[in-house]
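See structure below.
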Protein chains: 2
Amino acid sequence: MALEIHGMAGHLIRRLNQISVSVFQDRLKAAGFDLTPVQYACLATLDQKPGIDQATLAGLIAYDRATIGTVLDKLDTKGLVTRKVSPRDRRAREMHLTENGRALYRTVTPLVQEIQTLMTGGLEPGERAEFLRLAAKLASTGNAFSRAPLAEPD
Amino acid sequence: MALEIHGMAGHLIRRLNQISVSVFQDRLKAAGFDLTPVQYACLATLDQKPGIDQATLAGLIAYDRATIGTVLDKLDTKGLVTRKVSPRDRRAREMHLTENGRALYRTVTPLVQEIQTLMTGGLEPGERAEFLRLAAKLASTGNAFSRAPLAEPD
DNA sequence: TCAAGTTAGTAAGCATGCTTATTATATTGC
DNA sequence: GCAATATAATAAGCATGCTTACTAACTTGA
């Protein structure tokens, strides 16, 4: 090992994330789409839980409220989501995908799924499953340490 | 699984990174230090490879050159590193830790090592070793996909 | 009922980490 | 020797993702 930090968990995890984001951007761009990982996460969640508000969305995908607010500004500007004041709670905005948003989500999902296998392509099938299991376990046990913990841990 | 994305490799990796950075910041702050993960990586590398230039440093820890430039501005301002024009190549800046930089690095390193085990504390010892092995393998095979690939893969 | 506390969303600020472009300097090939 | 190319560092721009602080609105309980 050339350097001490190369073996550290934090360094390895950072590099995996760096690679993951890079692959995501490249593949989507190559296919003609302009969508970031967090934007995709928002579309996917709104497709499966239409009508939720921003704080709920942030909790479901483990992002900070403020971050998700600016991401939704973007998706709103792109015409992919709608936000309207909730009749039950005038602080909250109920969100839905637009037709364009839903269409984009459906088109792009198979590509995103391909990307997941591509990203873990360096592992044998058995290793891949084990890596995902351990990563999920770690994310779950570490959830409480996160600044933006998952609201409904699996 | 509540949501599709919760099982995706990219999402899990992002959350691990989020947790990792959060733990790092919290523990160092609690101990009275103000140092980010990338800043620590720079200090560690300069301690082990004194005299290298910025591009070499960036390559060794797999960061973009421009990013590392601003990080070094910070460390310079904090009085932790020195940069002087190389006599052999006037484009390059040879870097060294200052006394303060070296002292901080030595003080903080045991804490950083504790953090690594804390971060992976949700796993059994055997699982932990396996996770690190798989993460290293993935980072290595995925290196070419990264925007800022490691210059000297292990 | 109404004060105290909580929650939704936004704003401003800051660091990370990438992009492209520019400047200065080295190197290479003819 | 010198033109073409490559490299080191910086700058400007942009998105992510956090922080704290604020306003508006809701909930709780004495």
Side-chain angles (χ1 to χ4, degrees), chain A residues 10-11 14-15 17-26 28-29 34-42 52-59 61-78 83-95 145-149 151, chain B residues 10-11 14-15 17-26 28-29 34-42 52-59 61-78 83-95 145-149 151:
Chain A
H11 177 76
R14 182 191 67 80
R15 285 195 54 216
N17 194 50
Q18 183 185 38
I19 291 164
S20 162
V21 170
S22 182
V23 171
F24 192 98
Q25 308 265 40
D26 283 355
L28 259 69
K29 190 173 179 184
D34 174 29
L35 204 67
T36 65
V38 60
Q39 288 170 10
Y40 176 77
C42 288
I52 59 176
D53 63 19
Q54 297 186 191
T56 303
L57 171 58
I61 56 181
Y63 278 90
D64 181 82
R65 239 182 345 161
T67 299
I68 244 48
T70 66
V71 172
L72 287 169
D73 285 346
K74 198 87 190 249
L75 293 176
D76 199 346
T77 302
K78 286 189 191 179
R83 291 190 277 189
K84 60 186 255 283
V85 172
S86 164
R88 283 185 307 279
D89 183 343
R90 296 201 332 276
R91 291 170 303 179
R93 316 288 188 87
E94 290 182 357
M95 297 180 293
F145 290 124
S146 171
R147 295 315 174 82
Chain B
H11 177 76
R14 183 190 67 80
R15 284 194 55 213
N17 193 52
Q18 182 185 41
I19 291 164
S20 163
V21 170
S22 182
V23 171
F24 191 99
Q25 309 265 41
D26 283 355
L28 259 70
K29 189 172 178 184
D34 174 29
L35 203 66
T36 65
V38 60
Q39 288 169 10
Y40 176 78
C42 287
I52 59 175
D53 63 17
Q54 297 186 191
T56 302
L57 171 58
I61 57 180
Y63 278 90
D64 180 81
R65 243 184 343 165
T67 299
I68 244 49
T70 66
V71 172
L72 289 169
D73 284 346
K74 198 88 191 246
L75 294 176
D76 199 346
T77 303
K78 286 189 189 179
R83 290 190 278 188
K84 59 184 253 284
V85 171
S86 165
R88 282 185 307 279
D89 184 341
R90 301 212 318 282
R91 291 169 305 181
R93 315 288 188 86
E94 288 182 0
M95 297 179 293
F145 290 125
S146 171
R147 295 315 173 82

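The model shown is predicted, which means the values in this text are computed figures rather than measured ones. Every chain is numbered from 1, with letters handed out A, B, ... down the list of sequences.
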Protein-nucleotide distance (B/Arg88, atom CZ; D/dA8, atom P), rounded to Å
13 Å
A/Asp64 CG to C/dC14 C1': how many Å, rounded?
14 Å
Specify the separation, in whole Å, of atom CE of B/Met95 and atom C1' of D/dA9.
11 Å
Closest non-hydrogen atom pair between B/Gly10 and A/Ser20, with its separation:
CA-OG, 3.6 Å
Determine: side-chain N/O of B/Gln25 to OP1/OP2 of D/dT19, distance under 4.0 Å, yes or no.
no
C/dA15, C/dC18, D/dC18: which one has an atom nearest the side-chain heavy atoms of B/Lys74?
C/dA15
Starting from the 5' end of DNA chain D, give me the residue, B/Lys29 or B/Arg14, whose nearest nucleotide shows up first.
B/Arg14
State, yes or no, whether a side-chain contact exists between A/Tyr40 and B/His11 at a heavy-atom distance under 4.5 Å.
no
Non-neighbouring partners of A/Thr56 that pass side chain to side chain donor-acceptor pair (under 3.5 Å), sequence neighbours left out:
A/Asp53
OP1 or OP2 of D/dC18 sitting under 4.0 Å from any side-chain N/O of B/Gln18?
yes
How many Å lie between CD1 on A/Ile68 and C1' on D/dT19, as a whole number?
16 Å
Would you tabulate the pairs of protein nitrogen or oxygen atoms and nucleotide nitrogen or oxygen atoms of nucleotides 5-11 of chain C closer than 3.5 angstrom?
{"unit_1": "C/dT7", "atom_1": "O2", "unit_2": "A/Arg91", "atom_2": "NH1", "d": "2.4"}
{"unit_1": "C/dA8", "atom_1": "N7", "unit_2": "A/Arg65", "atom_2": "NH1", "d": "3.0"}
{"unit_1": "C/dG9", "atom_1": "OP1", "unit_2": "A/Gln54", "atom_2": "N", "d": "3.3"}
{"unit_1": "C/dG9", "atom_1": "OP1", "unit_2": "A/Arg93", "atom_2": "N", "d": "2.7"}
{"unit_1": "C/dG9", "atom_1": "OP2", "unit_2": "A/Gln54", "atom_2": "N", "d": "3.1"}
{"unit_1": "C/dG9", "atom_1": "OP2", "unit_2": "A/Ala55", "atom_2": "N", "d": "2.6"}
{"unit_1": "C/dG9", "atom_1": "N7", "unit_2": "A/Arg65", "atom_2": "NH1", "d": "2.7"}
{"unit_1": "C/dT10", "atom_1": "OP2", "unit_2": "A/Gln54", "atom_2": "OE1", "d": "3.4"}
{"unit_1": "C/dT10", "atom_1": "OP2", "unit_2": "A/Gln54", "atom_2": "NE2", "d": "3.0"}

Can you see if the side chain of B/Arg90 gets near the phosphate of C/dA26 - specifically, an N or O under 4.0 Å from OP1 or OP2?
yes
The criterion is salt bridge (charged side-chain N to carboxylate O under 4.0 Å, His left out); which residues satisfy it with A/Arg83, sequence neighbours excluded?
A/Asp73, A/Asp76
For atom CG of B/Leu35 and atom C1' of C/dT16, their distance in whole Å:
14 Å
Given C/dC18, is OP1 or OP2 found less than 4.0 Å from the side-chain N or O atoms of B/Thr67?
yes
Please report, rounded to the nearest Å, how far the C1' atom of D/dA8 is from the CG atom of B/Leu72.
13 Å
Starting from C1' on C/dC18, measure out to CD1 on B/Ile61 and report it in whole angstrom.
15 Å
For A/Thr70, give me all partners under side-chain contact (heavy atoms from CB on, under 4.5 Å), at least two apart in sequence or on another chain.
none
List in chain and number order the residues that pass side chain to side chain donor-acceptor pair (under 3.5 Å) with B/Lys78, two or more places apart in sequence or in another chain; answer none if no residue qualifies.
B/Gln39
Between D/dA8 atom P and B/Lys84 atom NZ, what is the distance in whole Å?
18 Å
Look at all strands and tell whether B/Thr36 reaches a base, only sugar-phosphate, or nothing, counting heavy atoms closer than 4.0 Å.
sugar-phosphate
Under 4.5 Å between any side-chain heavy atoms of B/Val38 and B/Ile68, yes or no?
yes
